[in-house]
Amino acid sequence: MRVSPKKKGSAWFMSAHQCPVTGLAVTHPESVVSSGPGSDFHAEAAKIGDNFLLVKSYGYVTSTAESELLAFFDKYIQRHFDIKKGIIYIEDYEHISGGDSDSRKQYIAYFKRNDFLFATILFNLPPIYKISFNLFKKLNIYSSRANAVDSYEQAIALALRISNKNIGLIDESIPDKKERSLSSFLIKKLTLTAQLDLFIKKITGGGFFFKKNSRIRSIQQYSEDLLKYIESIDWQKPGVHPPPDGIYDTISSRKVFDAISFVKSEIDSLLEERTAAEFVLRESEKKYRLLVEHAKAGICEYDYIAQKITSANNALLDITGYSKDELLVMNLSDILTDKGKENFYERLSLHYSGKPVTPDFIYQIITKKGDVKWVLSNAHVTYFDNRPQKASIVLTDITVLKTIESQLMEYQHKLKKLSVQLSISEEEQRKSLASQLHDNISQELFVAQLQLESFEKSLNDDDQRAEISKIKKHVIQLIKETRSLIFDLSPPMLYDSGLSDALDTLARMTEAKFSLNVFTNFSDNSYHINDDIKFIIYRNIKELIHNIIKHGKAKNIFINVKNSQNSLKVIVKDDGVGFDPASHNNGTNTHVGFGLFDIREKISHLGGKINIDSAPGHGTSIYMEVPLEMALHPPPHLVDEIL
């Protein structure tokens with residue numbers, strides 16, 4: 001397609017500098033000519049103001065000519081417009097003689113994909129293009145951007161109205177409100193004048209002065225021939241056959257049959273698209289039916305208004321034990337347990353109140369045979385006027401999973417009991433061993449010390465006394481280590497004097513051995529706490545001190561024990577390096593993971609709770625709490641395990 005700035009004998013805007021209606025500036029006139037062999041198509045374009053593109057086309061539009069024209073539009077808009085502000089496209093169709101269907105499809109597709117074209121305004125449409133435009137407005141979702149009027153005056157008036165409704169499209173070429181109001185007045189006046197001229201043309205040139213009888217006979221004959229031709233069209237095949245020569249002689253009749261041919265081609269295209277869409281839809285429905293029918297999960301549709309199940313697949317029949325006829329007259333709540341019904345109506349009230357509802361929920365259902373099953377429900381709810389209308393529901397039978405979960409919970413509970421039982425047994429063994437060390441070995445060593453001291457006094461030889469002194473020192477060291485071992489195994493004061501004395505002794509020994517500060521604070525008396533609770537709390541604190549020394553690198557440890565009427569509360573804090581509690585929960589911190597896990601499990605088994613507050617570089621605080629009812633009155637299962 002050739003492009004030239006101007007062309008003689010062209011549209012008014014190719015030589016004008018100002019719009020005669022609005023006074024807007026006319027700039028950048030260019031014309032294009034189709035390069036197709038034998039083509040008579042050419043077009044002219046100009047920019048009106050800042051945002052209006054005015055075009056006038058001539059001749060017959062082929063698909064090739066349309067492709068060239070649209071390519072020209074792209075370059076023209078790129079050179080002369082700011083697409084961020086939007087463009088209104090105006091085109092004069094007066095001298096277009098026709099066009100093929102492919103060219104119209106290209107034209108429509110261009111305006112669909114270019115959102116910067118806020119509106120399209122066509123004027124001087126020939127009848128065949130009015131038919132095309134009306135079909136487009138009826139059938140196309142983008143039709144709100146398309147407009148058709150009778151004259152340029154109406155087109156430019158509509159363009160101004162549209163531009164004033166869109167932010168960024170108010171044409172700044174009209175300098176003030178007074179001039180804009182004057183422009184609007186002129187547009188209205190010229191529009192009315194154009195409509196009056198059109199009416200006069202219809203009266204003077206429309207055959208009002210023909211002889212009445214001759215006109216009636218011509219219309220009757222033409223109508224009969226036209227009806228016969230329309231009746232002969234094969235709507236099952238694309239295209240139309242040429243009409244008989246006798247009714248195709250005049251220009252007017254040729255326009256009518258061209259219009260019929262055009263309408264038929266448009267209908268053919270629509271039917272082809274519908275047939276293709278129906279085929280895709282049928283295939284999708286077929287795949288969906290197969291998917292639903294062969295799915296292992298139960299699938300159903302539920303109508304909230306009718307309060308009943310409207311469809312169900314075979315898997316749901318297998319899960320519930322009901323037949324399809326039985327299910328399709330039931331409310332969804334009819335297959336739920338009492339607790340399930342309560343949950344169902346609670347969630348339903350949330351739907352009606354407009355509050356968010358999670359799509360997944362676990363229900364218990366009762367089968368036709370009376371068996372109870374667990375199902376995971378996933379519901380997609382559709383709303384109208386903010387009220388639930390229908391739901392597509394997938395019900396997955398998780399009875400086996402819930403059974404396994406229950407078994408795992410039971411195993412976990414048994415493991416907790418076993419852990420406590422092992423701890424109690426271990427403590428009893430420690431206590432017994434410590435008692436034996438104290439009553440036997442420790443006493444024997446003390447007797448040996450006394451005998452050595454007596455023997456040392458009886459010796460006169462200095463060398464012999466020196467050797468006995470060395471042996472005595474070794475015995476004294478053994479006595480100290482034995483006492484330390486007895487304390488590590490089971491501190492006697494834990495049972496004789498209470499938890500506070502045992503922890504206080506532990507603190508002093510830790511300070512002496514590891515050169516750090518351990519501060520203790522005890523509120524109220526912890527002497528009367530159950531022995532089993534005392535040793536668990538003592539062992540937990542000792543384990544925490546061990547972790548702090550080994551991993552925390554702390555300089556100070558703080559132990560606070562409070563014995564209230566209802567619970568025993570323990571806080572162990574340090575100023576060490578700290579850690580990420582999340583790494584403990586997911587098992588990635590192997591240094592403190594098992595120790596804390598064991599502490600947590602024992603506290604949980606005793607009905608207590610534990611919280612960890614820590615962060616890298618900020619030390620650690622661990623809070624433990626055990627109910628005193630548990631301490632004063634151990635639960636039956638704990639008594640059974642101890643006995």
* **Ring centroid separation Trp12 to Tyr152 under 6.0 Å** => yes

* Shortest non-hydrogen separation from Glu91 to Ile96 and the atoms involved -> OE2-CD1, 4.2 Å

* Asked: Once you round to the nearest 0.5 Å, how far does OG of Ser57 lie from OH of Tyr107?
  -> 7.5 Å

* Hey, could you give me the OH/NE2 distance between Tyr58 and His95, rounded to the nearest 0.5 Å? => 6.5 Å

* Asked: Is a side-chain N or O of Asn378 found less than 3.5 angstrom from the main chain of Val394, in a donor-acceptor match?
  -> no

* Asked: Are the side chain of Thr367 and the backbone N or O of Gly321 linked by a donor-acceptor pair below 3.5 Å?
  -> no

* Asked: Which heavy-atom pair separates Ile77 from Ile87 by the least distance, and what is that distance?
  -> CG2-CD1, 3.6 Å

* **Near-ring test Tyr89/Phe111, centroid separation under 6.0 angstrom** => yes

* To do: Using the six-membered ring wherever Trp is involved, compare the ring planes of Tyr383 and His351 and label them parallel, tilted or perpendicular (cut-offs 30° and 60°).
  => tilted

* Can any side-chain N or O of Thr382 pair as donor or acceptor with the backbone N or O of Lys390 at less than 3.5 Å? -> yes

* To do: Spell out, as yes or no, whether a donor-acceptor pair under 3.5 Å connects the side chain of Lys85 to the backbone of Asn51.
  => no

* What distance separates Ser103 OG from Glu66 CD, expressed to the nearest 0.5 Å? -> 5.5 Å

* Check salt bridge (Lys or Arg N to Asp or Glu O under 4.0 Å) between Lys47 and all other residues, then give those that pass, not counting sequence neighbours. => none

* Sub-4.5 Å side-chain heavy-atom contact between Asn331 and Lys308 -> no

* Asked: Looking at Leu376, Leu316, Thr320, which hits side-chain contact (heavy atoms from CB on, under 4.5 Å) with Leu395?
  -> Leu316

* Among Asp334, Thr337, Ile335, which one satisfies side-chain contact (heavy atoms from CB on, under 4.5 Å) with Ile366? -> Thr337

* Could you tell me whether a side-chain N or O of Arg161 sits under 3.5 Å from a main-chain N or O of Ile156, the two making a donor and an acceptor? => no

* Structure fact -> Scanning both residues in full, the closest heavy-atom pair of Lys373 with Asp318 reads NZ-O, 4.1 Å

* Structure fact -> Interatomic distance, OG@Ser35 vs NE2@His42, rounded to 0.5 Å, equals 14.5 Å

* To do: Scan for salt bridge (charged side-chain N to carboxylate O under 4.0 Å, His left out) pairs involving residues 346-355, sequence neighbours excluded, and state none if there are none.
  => none

* **Donor-acceptor pair, side chain of Asn114 and main chain of Phe116, under 3.5 angstrom** => no

* **Leu401 side, atom CG; Thr396 side, atom OG1 - distance, nearest 0.5 Å** => 9.5 Å

* To do: Take the angle between the ring planes of His80 and Tyr76 and call it parallel below 30°, perpendicular above 60°, tilted in between.
  => perpendicular

* To do: Look up atom CZ in Phe81 and atom CG in Leu53, then write down how far apart they are to the nearest 0.5 Å.
  => 4.5 Å

* Specify the closest pair of heavy atoms between Leu24 and Gly49, including all atoms of both residues, with the distance to one decimal. => CB-N, 4.0 Å

* Does the side chain of Ile90 reach to within under 4.5 Å of the side chain of Leu122, using non-hydrogen atoms? -> no

* Report yes if the side chains of Glu68 and Phe41 come closer than 4.5 Å at any heavy-atom pair, otherwise no. => no

* Asked: Of all heavy-atom pairs between Phe72 and Ala45, which one has the smallest distance, and what is that distance?
  -> CE2-CB, 4.0 Å

* Asked: Ignoring hydrogens and geometry, is there a side-chain-to-backbone donor-acceptor pair from Gln18 to Gly23 under 3.5 Å?
  -> yes

* To do: Assess whether ring pair (Phe, Tyr, Trp, His ring centres under 6.0 Å) is satisfied between Phe344 and Phe361, documenting all intermediate values.
  => CA-CA 9 Å; Phe344 176 78; Phe361 198 80; over 10 Å; no

* Taking Ser163 for the side chain and Leu160 for the main chain, is one N or O donor matched with an acceptor at less than 3.5 Å? -> yes

* Under 4.5 Å between any side-chain heavy atoms of Leu117 and Arg145, yes or no? -> yes

* To do: Would you confirm whether Glu326, through its side chain, and Ser323, through its main-chain N or O, come within 3.5 Å as a donor-acceptor pair?
  => yes

* Asked: Has the side chain of Ser97 got a donor or acceptor atom that lies under 3.5 Å from a matching backbone atom of Tyr60?
  -> yes

